[in-house]
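By convention in this document, chain letters (A, B, ...) are assigned in the order of the sequence lines, proteins followed by strands, and residues within each chain are numbered from 1.
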2 protein chains.
Amino acid sequence: MEVTALSDNTRGDLFDPACPTRALLDRVGSKWTSMAVKLLAEAAPQEIRFAELRRRMPGVSQKMLATTLRALVRDGLAQRRVEPTVPPRVHYSLTPLGLSLDGPLAVLRAWAEEHMAEIDRANRDADAAG
Amino acid sequence: MEVTALSDNTRGDLFDPACPTRALLDRVGSKWTSMAVKLLAEAAPQEIRFAELRRRMPGVSQKMLATTLRALVRDGLAQRRVEPTVPPRVHYSLTPLGLSLDGPLAVLRAWAEEHMAEIDRANRDADAAG
DNA sequence: CTGTATCCTCCCCGATACTG
DNA sequence: CAGTATCGGGGAGGATACAG
């Protein structure tokens with residue numbers, strides 16, 4: 001029934017209810033989640049269709065995009081709206097909760113864009129040092 | 001030679017140099033990293049010994065703590081200082097780069113503490129609707 | 001178009017034991 | 001005390017095929 005363990009939360013392994021930060025990182029840390037949230041936040045209050053999201057997320061597979069979006073919806077961070085046409089069109093958007101998460105994520109994105117080069121440099125130095 | 005793939009960065013799988021945010025989340029998202037950064041940031045400018053960190057991180061294994069700290073050092077986020085005694089005492093502290101990362105992480109922690117309950121609730125609702 | 005179902009691979013992480 | 005070495009499970013995530 002469930003697609004992968006990303007949609008059901010039977011993990012309980014990486015998920016520690018006593019540490020909300022780890023619980024959050026377990027969700028946002030999955031490969032495509034942060035990019036999906038970013039795209040949906042930038043588009044808000046507009047919705048984005050499944051195919052459009054897929055186009056804007058190079059490399060994502062159908063399965064993983066579906067899984068990622070399903071997890072976001074399940075977590076109450078995103079909404080799903082189906083147009084009952086043939087073929088169906090499915091639109092996604094962030095909930096207020098999801099939108100409120102984009103602020104903190106934007107802070108993280110800004111730090112990453114400013115400082116990831118330093119981390120890469122540190123790694124190259126470590127490699128050079130053998 | 002390397003302990004696990006967390007220390008060498010031969011992954012290249014989850015790591016996309018074109019997306020600094022994902023690259024950062026691949027590091028910070030590993031199970032014990034955010035907690036280690038938090039503890040080291042709170043203690044700054046004091047250092048923390050390996051055993052003390054271990055005591056403050058319930059459930060962490062020796063191996064994973066060593067791996068986590070090694071990765072932080074390799075990324076230039078933390079420093080390692082060895083006291084040449086017998087037995088040796090090893091002290092860890094954040095670098096300026098590591099300290100600068102704690103700000104964004106603190107923002108994320110604050111959001112998590114405020115809103116993770118809503119996410120849990122959304123999941124329970126989804127289960128109930130099951 | 002928007003998914004789901006299967007299969008498969010990789011590697012994170014835990015448990016345990018050993019070293020200087 | 002502060003690691004390293006080794007083994008093994010389990011889950012994330014990709015490829016592919018199929019369905020409504």
Side-chain angles (χ1 to χ4, degrees), chain A residues 1-16 22 25-36 47-55 57-74 78 80-92, chain B residues 1-16 22 25-36 47-55 57-74 78 80-92:
Chain A
M1 184 64 113
E2 302 291 356
V3 178
T4 81
L6 197 62
S7 19
D8 51 310
N9 273 326
T10 18
R11 273 194 283 177
D13 204 39
L14 283 180
F15 185 92
D16 181 2
R22 273 246 42 79
L25 283 172
D26 285 341
R27 292 148 197 277
V28 161
S30 71
K31 184 166 182 180
W32 300 102
T33 301
S34 63
M35 194 179 303
E47 300 172 310
I48 309 185
R49 290 184 49 193
F50 185 91
E52 175 67 15
L53 274 171
R54 199 177 173 200
R55 232 173 310 139
M57 296 167 67
V60 74
S61 66
Q62 259 182 5
K63 189 189 84 170
M64 286 316 298
L65 181 53
T67 302
T68 299
L69 292 171
R70 179 178 284 267
L72 284 176
V73 169
R74 181 189 172 86
R80 202 176 97 114
R81 185 175 67 84
V82 182
E83 250 182 291
T85 55
V86 182
R89 314 166 114 202
V90 183
H91 305 257
Y92 290 90
Chain B
M1 184 64 113
E2 301 291 357
V3 178
T4 81
L6 197 61
S7 23
D8 51 310
N9 272 325
T10 17
R11 276 193 283 178
D13 204 39
L14 283 180
F15 184 93
D16 182 2
R22 274 245 43 77
L25 284 172
D26 285 341
R27 293 149 197 276
V28 161
S30 70
K31 184 166 182 181
W32 301 102
T33 301
S34 64
M35 193 179 302
E47 301 172 310
I48 309 186
R49 290 184 48 192
F50 186 90
E52 174 68 15
L53 273 171
R54 199 178 173 198
R55 232 174 310 139
M57 296 167 67
V60 74
S61 66
Q62 259 183 4
K63 189 187 87 170
M64 286 317 297
L65 182 53
T67 302
T68 300
L69 292 171
R70 179 178 284 267
L72 285 176
V73 169
R74 182 189 172 86
R80 202 177 97 114
R81 185 175 66 84
V82 183
E83 249 182 293
T85 56
V86 183
R89 312 166 116 205
V90 183
H91 305 257
Y92 290 90

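The side chain of B:K31 has C:dG14 as its nearest neighbour among D:dA2, D:dG13, C:dG14. Comparing C:dG14, D:dA2, C:dC1 against the side chain of B:M64 picks out C:dG14 as the nearest. In the set D:dG3, D:dG14, C:dT2, the nucleotide with an atom closest to the side chain of A:V90 is C:dT2.
Separating the CG atom of A:L69 from the P atom of D:dG13 is a distance of 14 Å, rounded to the nearest angstrom. The separation between B:L65 atom CG and D:dA2 atom P is 10 Å, rounded to whole Å. Taking atom CZ of residue B:F50 and atom C1' of nucleotide D:dA2, one finds them 6 Å apart after rounding to whole Å. Taking atom CD of residue A:E52 and atom C1' of nucleotide C:dT2, one finds them 15 Å apart after rounding to whole Å. One interatomic measurement links the two molecules: CD of B:E83 to P of D:dA2, which rounds to 10 Å at whole-angstrom precision. Whole-Å rounding puts the B:R80 CZ to D:dC1 P distance at 16 Å. Here C:dC12 presents its P atom at 16 Å from CG of A:L25, a figure rounded to the nearest Å. If you take CD1 of B:I48 and P of D:dC1, they are 17 Å apart, rounded to a whole angstrom.
Residues B:L25 and A:T33 are not in side-chain contact: their nearest non-hydrogen atoms beyond the backbone lie 4.5 Å or more apart.
For B:R55, the side-chain hydrogen bond (donor to acceptor under 3.5 Å, both in side chains) partners are B:E52, not counting sequence neighbours. For B:V60, the side chain to side chain contact (heavy atoms under 4.5 Å, CB included) partners are B:W32, B:R54, B:M57, B:M64, B:L65, not counting sequence neighbours.
Contact annotation: A:R49 side-chain N/O to C:dC1 OP1/OP2 distance is not under 4.0 Å. Taking 4.0 angstrom as the limit, B:Y92 places none of its side-chain polar atoms (N or O) nearer than this to OP1 or OP2 of D:dC1.
One distance of note links CZ of A:R49 with CZ of A:R81; it measures 10.5 Å at 0.5 Å rounding. In this structure, CZ in B:R22 is found 7.5 Å from CE in A:M35, a value given to the nearest 0.5 Å. Rounding to the nearest 0.5 Å places CZ of A:R27 at 8.5 Å from CZ of A:R74.
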task = With side-chain contact (heavy atoms from CB on, under 4.5 Å) as the test, would you mind laying out the steps for A:L69 and A:L53 before giving the verdict?
result = CA-CA 10 Å; A:L69 292 171; A:L53 274 171; 3.9 Å; yes
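In this structure, B:R54 reaches neither bases nor backbone, as no heavy-atom distance under 4.0 Å exists between it and the strands shown.
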Could you go through nucleotides 15-20 of chain D and list every protein N or O atom that sits under 3.5 Å from one of its N or O atoms, giving the distance for each pair?
none

